[in-house]
Amino acid sequence: MPISTTADSSKTVKLERYNSYLRKIHSTKVLNASSKVLFRATLLVALLLLLLFAFNYHPLSDSRAAASHHLHRRSFLSTGIFSSSSSSAWEKRVRQSSTAKRQHGLSVLVTGAAGFVGSHCSLSLRKRGDGVLGLDNFNDYYDPSLKRARQHLLEKQQVFIVEGDLNDGPLLRKLFDIVPFTHVLHLAAQAGVRYAMKNPQSYISSNIAGLVNLLEVAKAANPQPAIVWASSSSVYGLNTENPFSEEHRTDQPASLYAATKKAGEEIAHTYNHIYGLSLTGLRFFTVYGPWGRPDMAYFFFTKDILHGKSIDIYRTQDDQEVARDFTYIDDIVKGCVGALDTAEKSTGSGGKKRGPAQLRVYNLGNTSPVPVGRLVSILEGLLGTKANKHLIKMPRNGDVPYTHANVSLAYRDFGYKPTTDLATGLRKFVKWYVGYYGIQPRVKKENSHADDSA
């Protein structure tokens, strides 16, 4: 083979190898360039998606914060404290409601103002020209619609009820910052003897913690208000002396409700002693009347009799009749107002006691115990319907067999004298009941006195 041909062939092979090398380099450059473009495009898309995600979705922590803010805002909405303009309107309502219309009139914060006794006292104070501001949490211990109806009555008399809880310290301080209350009528409480066996914590929260919270705010107020508050005849518990006197022992409560009210009296003594708060406790005896509480016997007896249901009438373990010192609401209101009018000023300032302060406890009752069977007989006559009575032994649920008030101390100090007998009071209650619930029973006419003489 010629040398020239071999050389040409060698050159061709080298040239092909070189071209192949160039193609590989070119492919690598193209691949690298494509990879860079793809990476940048992917990064750009990821950034765009991240931006879209950030604008349209909130992290979990932000969602919780937003929810917390919403709940906080709703809590303030319930009391009326929210935006600046709304807050200004709310404060104006608070001031207007608590401003007295008569010379030297009182400015009273009424807790539990949408309740039975609270609504009646608020109306009485307002009608005589005192400033009244209500506070109520409208809980569902019994039908809240009845509380709303009472609220509507108060609104007609320009009494504003702030919707809030006793344990809401910031709300209470806000109210005392806005209004220099001269008095507090503290009637808010978890009521009922039997319910304590189902929900004991509610009694601690309202009757003890709520009272302490109120007193904490009141002690720091300037001026400190005089406080009249609702204790209960239940504090007499297992006491067997009759009639019940303020001097009798109250260290044997028969129910948790009674124990919380007794604790309240001891707490009141403490705040009076340390901080100079003027405190008056009122021991109510079985209050009844129009706009009453559905959990009370006279109320649900009326309902059950009208619906043909049987009613349980308790007898004691030794087969004696159970009796109560039933006290009509108007008499209780007179006692509450009398206690307010004779309450002396607190002696503290800014949480510091300046001198001895007034500390009182009074019975407010009717002084005439009536057997529960007699109450049922009166209702039968007023409703024109016989009751389906079921006599049973009183269960051990905290009820006591007998109550009887000695009110001589209240009579001496502010002229308390009950004037409404049970038959008269029940006639007024039944008239309200059938009107409120739209019932048409065979109710006796107002001029019938058969029940009074029976």
Does [X], at its [atom1] atom, have more than 12 non-hydrogen atoms belonging to other residues, nucleotides or ligands within less than 6.0 Å?
X: E247; atom1: CD; value: no
X: K389; atom1: NZ; value: yes
X: K309; atom1: NZ; value: no

Query raised in the report: How far apart are the C-alpha atoms of Y328 and N366, what are their side-chain angles, what is the distance that settles it, and do they pass the side chain to side chain contact (heavy atoms under 4.5 Å, CB included) test?
Result: CA-CA 8 Å; Y328 190 64; N366 194 53; over 6 Å; no

Please check: side-chain N/O of [X] versus main-chain N/O of [Y], any donor-acceptor pairing under 3.5 Å?
X: S278; Y: E344; result: yes
X: N272; Y: Q358; result: yes
X: T327; Y: D325; result: yes
X: K353; Y: H273; result: yes
X: E321; Y: V372; result: no
X: S107; Y: G131; result: no
X: K334; Y: G415; result: no
X: H248; Y: S245; result: yes
X: T424; Y: T420; result: no
X: S233; Y: F284; result: yes

Query - Distance-only donor-acceptor check, side chains D312 and H390, under 3.5 Å - result: yes

Requested in this report: For the pair R148 and Q151, evaluate side-chain hydrogen bond (donor to acceptor under 3.5 Å, both in side chains) and give the outcome as yes or no after the intermediate values.
Outcome: CA-CA 5 Å; R148 294 296 180 183; Q151 180 187 29; 3.2 Å; yes

Nearest-0.5 Å distance, [atom1] of residue [X] to [atom2] of residue [Y]:
X: D251; Y: L238; atom1: CG; atom2: CG; answer: 9.5 Å
X: K262; Y: T250; atom1: NZ; atom2: OG1; answer: 2.5 Å
X: M394; Y: I313; atom1: CE; atom2: CD1; answer: 12.0 Å
X: H120; Y: L154; atom1: NE2; atom2: CG; answer: 10.0 Å
X: N213; Y: N167; atom1: CG; atom2: CG; answer: 5.5 Å
X: Q252; Y: T240; atom1: CD; atom2: OG1; answer: 8.0 Å

Any idea how [X] and [Y] line up, ring-wise: parallel (<30°), tilted (30 to 60°), or perpendicular (>60°)?
X: F181; Y: F176; value: perpendicular
X: H404; Y: Y402; value: perpendicular
X: Y236; Y: F244; value: tilted
X: Y436; Y: W432; value: parallel

When you compare the side chain of [Y] with that of [X], does any pair of heavy atoms fall below 4.5 Å?
X: I208; Y: Y203; answer: no
X: N207; Y: Y257; answer: yes
X: Y288; Y: M296; answer: no
X: S202; Y: Q190; answer: yes
X: L215; Y: Y275; answer: no
X: D304; Y: I311; answer: yes
X: L166; Y: T111; answer: yes
X: Y362; Y: Y416; answer: no

Requested in this report: Find out whether the Lys NZ or Arg CZ of K147 is both under 6.0 angstrom from the six-membered ring centre of Y142 and within 45° of the ring's axis.
Outcome: yes

Requested in this report: Assess R293 against F299: is NZ or CZ under 6.0 Å from the centre of the six-membered ring, and within 45 degrees of the ring's axis?
Outcome: no

**Report entry** Worked check of side chain to side chain contact (heavy atoms under 4.5 Å, CB included) between W229 and E265
**Finding:** CA-CA 10 Å; W229 69 285; E265 292 187 357; 3.8 Å; yes

Nearest heavy-atom pair of [X] and [Y]: which atoms, and what distance?
X: I378; Y: L426; value: CG2-CD1, 3.7 Å
X: A387; Y: V376; value: CB-CG1, 4.0 Å
X: S349; Y: N222; value: OG-OD1, 3.7 Å
X: A258; Y: A254; value: CB-N, 4.4 Å
X: S124; Y: V337; value: OG-CG2, 4.1 Å
X: P290; Y: I329; value: CD-CG2, 4.2 Å

Report summary line: From the list L133, I178, L106, side chain to side chain contact (heavy atoms under 4.5 Å, CB included) partner of S98 resolves to L133

Query raised in the report: side-chain hydrogen bond (donor to acceptor under 3.5 Å, both in side chains) between N199 and Y141: does it pass, once the steps are laid out?
Result: CA-CA 10 Å; N199 188 6; Y141 168 63; over 6 Å; no

Query raised in the report: Between Q157 and L153, is a side chain to side chain contact (heavy atoms under 4.5 Å, CB included) present by the stated rule, with each step listed?
Result: CA-CA 7 Å; Q157 299 297 324; L153 280 181; over 6 Å; no

Strictly below 4.0 Å, N to O, side chains only: are [X] and [Y] in salt-bridge contact?
X: E246; Y: R283; result: no
X: R173; Y: E216; result: no
X: R150; Y: D136; result: no

Query raised in the report: Do L125 and L340 pass the side chain to side chain contact (heavy atoms under 4.5 Å, CB included) test, and can you show the C-alpha distance, the side-chain angles, and the key distance before you say yes or no?
Result: CA-CA 10 Å; L125 291 168; L340 286 169; 4.0 Å; yes

